[in-house]
Participant: 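Below you will find the structure I want to go over with you.
Values below: all heavy atoms of this structure, side chains included; hydrogens, waters and symmetry mates excluded. Because the structure is predicted, anything quoted here is derived from the model rather than measured. Throughout, a chain's letter reflects where its sequence line sits, starting with A, and its residues are numbered from 1.
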Amino acid sequence: MFQYDFMQHAFIAGTLIAVMCGVIGVFIVARSLSFIAHTLSHIGFAGAAFAAYAGIDPLAGLLAFTLLGALGVGQMGVRMFRRDASISVILSLALALGILFLSLGNVQGNYSRTLLFGSVVGIDLQDIWLIVVITIFVILVLGAGYRWLKFDSFDQVGAEAAGLPIRWISIGFLLLMAVAVSATVQIVGALLVFALMTVPAAAARFFTQSIFGMILLSSLIAILGVWFGLTAGYYTNAPVSFFIVAFDAAVYFIGMAFQAIIRRRRGAETA
Amino acid sequence: MLHRVRVSHLQVSFNGEEVLNDLSFDVSAGEMFAVIGPNGAGKSTLLKSILGLIQPQNGRIVLDDESKTVVGYVPQSRVIDDETPISARDFVSLGQLSGFFPWPSMQERKVLREIMSFTDTDRFARKPIGKLSGGERQRVFLAQALVRHPDLLLLDESTANLDPDAQERMMELVQKAASDWGVSVIFISHDLELVRKYADRVLLMSRGFYKTGTKQEILNDQAMLKNVYQSISSEADGALQQKSPSAGLSLSASPR
Ligand SMILES: Nc1ncnc2c1ncn2[C@@H]1O[C@H](COP(=O)(O)OP(=O)(O)OP(=O)(O)O)[C@@H](O)[C@H]1O
Ligand SMILES: [Mg+2]
């Protein structure tokens with residue numbers, strides 16, 4: 001399958017996105033931001049639809065909308081979003097806006113499908129370069145802020161006590177998430193960004209107790225999922241996103257079973 | 001004597017309600033300084049002000065060398081989700097913030113090992129923090145504060161949930177840190193026996209009343225203690241009294 005340019009592109013872009021999602025996902029899960037990630041991807045959908053309507057580059061629309069969305073969430077306070085119904089209001093509103101822009105812009109049905117469900121085959125060289133830049137940017141920022149972010153994500157009380165600027169960390173992370181979501185929407189579509197960003201990370205938690213181990217494992221699961229999805233999609237013509245998510249979900253359930261077995265065994269030992 | 005922290009004329013109020021008013025004291029290097037007083041006296045508020053988490057309306061808190069003083073803090077309420085998956089070792093190492101690279105240096109690994117053996121947390125280093133007992137968690141929290149090499153250590157009822165034996169062991173650790181490394185310790189406790197055993201000096205406080213002295217001066221003045229603890233309980237309504245039955249005069253019981 002590698003004789004085709006589009007498959008090569010898909011593998012390169014998909015692998016990069018997987019690494020990025022795998023790494024950032026560990027923090028998204030630790031900070032309980034899964035639904036905010038989901039909402040951001042819908043805001044991104046509205047942004048891309050707006051871009052189509054206004055005739056600008058989709059990535060520009062995505063970034064503008066998700067960054068503004070992240071700032072809004074940060075301003076109102078993440079905590080409120082975790083419980084409140086306001087998150088579903090915003091999510092629906094973003095989806096509705098997207099639909100509005102798509103119909104106003106008289107956009108082809110094809111494009112809307114791509115936005116919602118992703119398209120791994122339509123990636124050209126220029127897209128790849130953008131994805132390379134975004135991935136490197138996200139990973140570098142995560143690396144630079146790693147110690148602070150790690151502290152704040154896994155022990156906010158301790159981080160605040162140690163004098164870390166937890167509010168700025170929170171807003172900075174939301175912005176970074178917005179950037180990552182924008183790059184990912186283009187590949188897997190708005191509806192499944194959330195899956196790629198949280199399922200591998202959630203699965204990794206079953207297998208290791210070390211934060212760095214989680215990051216490695218989460219990226220590995222994400223990469224394998226993307227590779228599996230592309231290969232299976234190529235040979236069956238079924239949607240790639242389906243196979244990616246199915247793979248990640250399978251690893252998640254295996255992890256759950258694995259943990260249950262370990263616990264039972266430990267329980268038996270101590271009994 | 002070197003002053004680690006000097007608090008002068010501190011005043012803190014929340015929405016117009018004065019919690020601390022004109023409170024002054026200082027703590028020397030390597031000193032064990034206890035803060036006692038009834039519930040709601042403002043003890044936690046005092047520690048948070050020293051940390052800078054609360055901005056005082058008035059007064060000053062001067063650390064010995066502002067830029068270099070590292071303050072370690074073990075807060076009073078620290079809820080850890082039982083499902084928190086990370087190991088005790090990773091939890092302690094969260095406190096190591098100063099390295100340049102994302103990964104720990106050799107030196108940092110060494111310090112981590114030392115602190116974990118010092119606090120006797122290495123036995124369960126690989127266990128998820130959510131699965132540890134209350135007392136084990138307290139030691140992990142202490143280790144996380146110590147791994148930063150604090151000059152000043154603030155402990156807010158860190159021994160409250162421990163069995164008597166674990167309380168002693170924890171305080172011995174803290175005392176050892178104070179004497180070996182010159183860490184100044186300010187600890188809040190409701191257990192006056194523990195205070196008698198481990199404190200050098202004591203601050204007794206209730207709303208608007210502060211008295212600092214050696215532990216003998218404070219703890220042997222039964223009349224004053226009785227006064228301070230009772231003045232609050234007679235103000236309070238029945239519900240509060242039920243919650244803290246020892247608010248009257250119980251010198252060794254530790255509420256909660
Ligand atoms: N952020 C806040 N906003 C409003 N009031 C507060 C705040 N923090 C503390 N208070 C009030 O200040 C008073 C002192 O609280 P603080 O937590 O310092 O008491 P404490 O001496 O530590 O008591 P305890 O022994 O119960 O821990 C209480 O009446 C409390 O209601
Ligand atoms: Mg308190």
Participant: I'd like to check A/Met214 versus B/Ile86 (side-chain heavy atoms, cut-off strictly below 4.5 Å). Are they in contact?
Facilitator: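 Yes - at least one pair of side-chain heavy atoms lies under 4.5 Å apart.
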
Participant: Using non-hydrogen atoms only, which part of B/Pro85 is less than 4.5 Å away from chain A: side chain, backbone, both, or neither?
Facilitator: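 For B/Pro85, the contact with chain A is made by backbone and side chain together.
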
Participant: For a quick test of reading the model, state the closest non-hydrogen atom pair linking A/Gly143 to B/Pro102 and the distance between them.
Facilitator: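 Looking at all heavy atoms of both residues, the closest pair is O-CG, 3.5 Å.
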
Participant: Output the distance between atom OH (A/Tyr146) and atom CH2 (B/Trp103), rounded to the nearest 0.5 Å.
Facilitator: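 Between A/Tyr146 OH and B/Trp103 CH2, I get 11.0 Å after rounding to 0.5 Å.
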
Participant: Could you check which of A/Gly163, A/Gly158, A/Gly145 has the highest count of heavy-atom pairs closer than 4.5 Å to chain B?
Facilitator: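 Most heavy-atom pairs within the cutoff with chain B belong to A/Gly158.
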
Participant: Write out, in numerical order, the residues from residues 141-151 of chain B with a heavy atom short of 4.5 Å from a heavy atom in chain A.
Facilitator: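 When heavy atoms of chain A are the reference, residues 141-151 of chain B contributes B/Gln144, B/Arg148 within the under-4.5 Å range.
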
Participant: So for atom CZ, which belongs to A/Phe11, do other residues, nucleotides or ligands contribute more than 12 heavy atoms lying within a distance under 6.0 Å?
Facilitator: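 Yes, because the 6.0 Å sphere around CZ of A/Phe11 holds more than 12 heavy atoms from other groups.
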
Participant: Using modelled atom types and a 3.5 Å cut-off, is there a donor and acceptor pairing between side-chain atoms of B/Asp90 and backbone atoms of A/Ile211?
Facilitator: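 Flag set: sc B/Asp90 to bb A/Ile211 pair under 3.5 Å.
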
Participant: So, for B/Leu51 and A/Ala161, which heavy atoms are closest and what is the spacing to 0.1 Å?
Facilitator: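 Scanning both residues completely, I find the closest heavy atoms to be CD2-O, 3.3 Å.
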
Participant: What residues of residues 122-135 of chain B make heavy-atom contacts with chain A at a cutoff under 4.5 angstrom?
Facilitator: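 From residues 122-135 of chain B, the residues near chain A are B/Arg126, B/Pro128, B/Lys131.
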
Participant: At what distance, to the nearest 0.5 angstrom, does CG of B/Leu97 lie from CH2 of A/Trp148?
Facilitator: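 Nearest 0.5 Å value for the CG-CH2 distance: 8.0 Å.
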
Participant: Tell me, out of A/Asp155, A/Leu142, A/Val157, who's got the most heavy-atom pairs with chain B below 4.5 Å.
Facilitator: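 So the answer, after comparing A/Asp155, A/Leu142, A/Val157, is A/Asp155.
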
Participant: Within a radius of less than 6.0 Å around CH2 of B/Trp181, do more than 12 heavy atoms belonging to other residues, nucleotides or ligands occur?
Facilitator: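 Buried by this count: over 12 neighbours within 6.0 Å.
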
Participant: Examine distances only and state if a side-chain atom of A/Arg147 and a backbone atom of B/Gln96 form a donor-acceptor pair shorter than 3.5 Å.
Facilitator: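 Checking the backbone N and O of B/Gln96 against the side chain of A/Arg147, a donor-acceptor pair under 3.5 Å is found.
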
Participant: Given the rule in the salt bridge (Lys or Arg N to Asp or Glu O under 4.0 Å) test, do A/Glu160 and B/Lys48 qualify, once you have shown the distances and angles that lead to the verdict?
Facilitator: CA-CA 11 Å; A/Glu160 188 180 22; B/Lys48 287 182 195 161; over 6 Å; no

Participant: Name the region of B/Leu53, side chain, backbone, both or neither, that has any atom closer than 4.5 Å to a heavy atom of chain A.
Facilitator: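 The answer is the side chain of B/Leu53.
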
Participant: How long is the straight-line distance from CZ of A/Phe154 back to OG of B/Ser93, given to the nearest 0.5 Å?
Facilitator: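 Rounded to the nearest 0.5 Å, the OG-CZ separation comes out at 10.5 Å.
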
Participant: Is the number of heavy atoms from other residues, nucleotides or ligands under 6.0 Å of A/Phe242 CZ greater than 12?
Facilitator: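 No - once you tally the heavy atoms of other residues, nucleotides and ligands closer than 6.0 Å, there are 12 at most.
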
Participant: Can you establish whether the number of heavy atoms outside A/Phe228 located under 6.0 Å from its atom CZ is more than 12?
Facilitator: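 Enclosed.
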
Participant: Does A/Phe207 CZ have over 12 foreign heavy atoms under 6.0 Å away?
Facilitator: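 Yes, the 6.0 Å shell around CZ holds more than 12 heavy atoms from other groups.
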
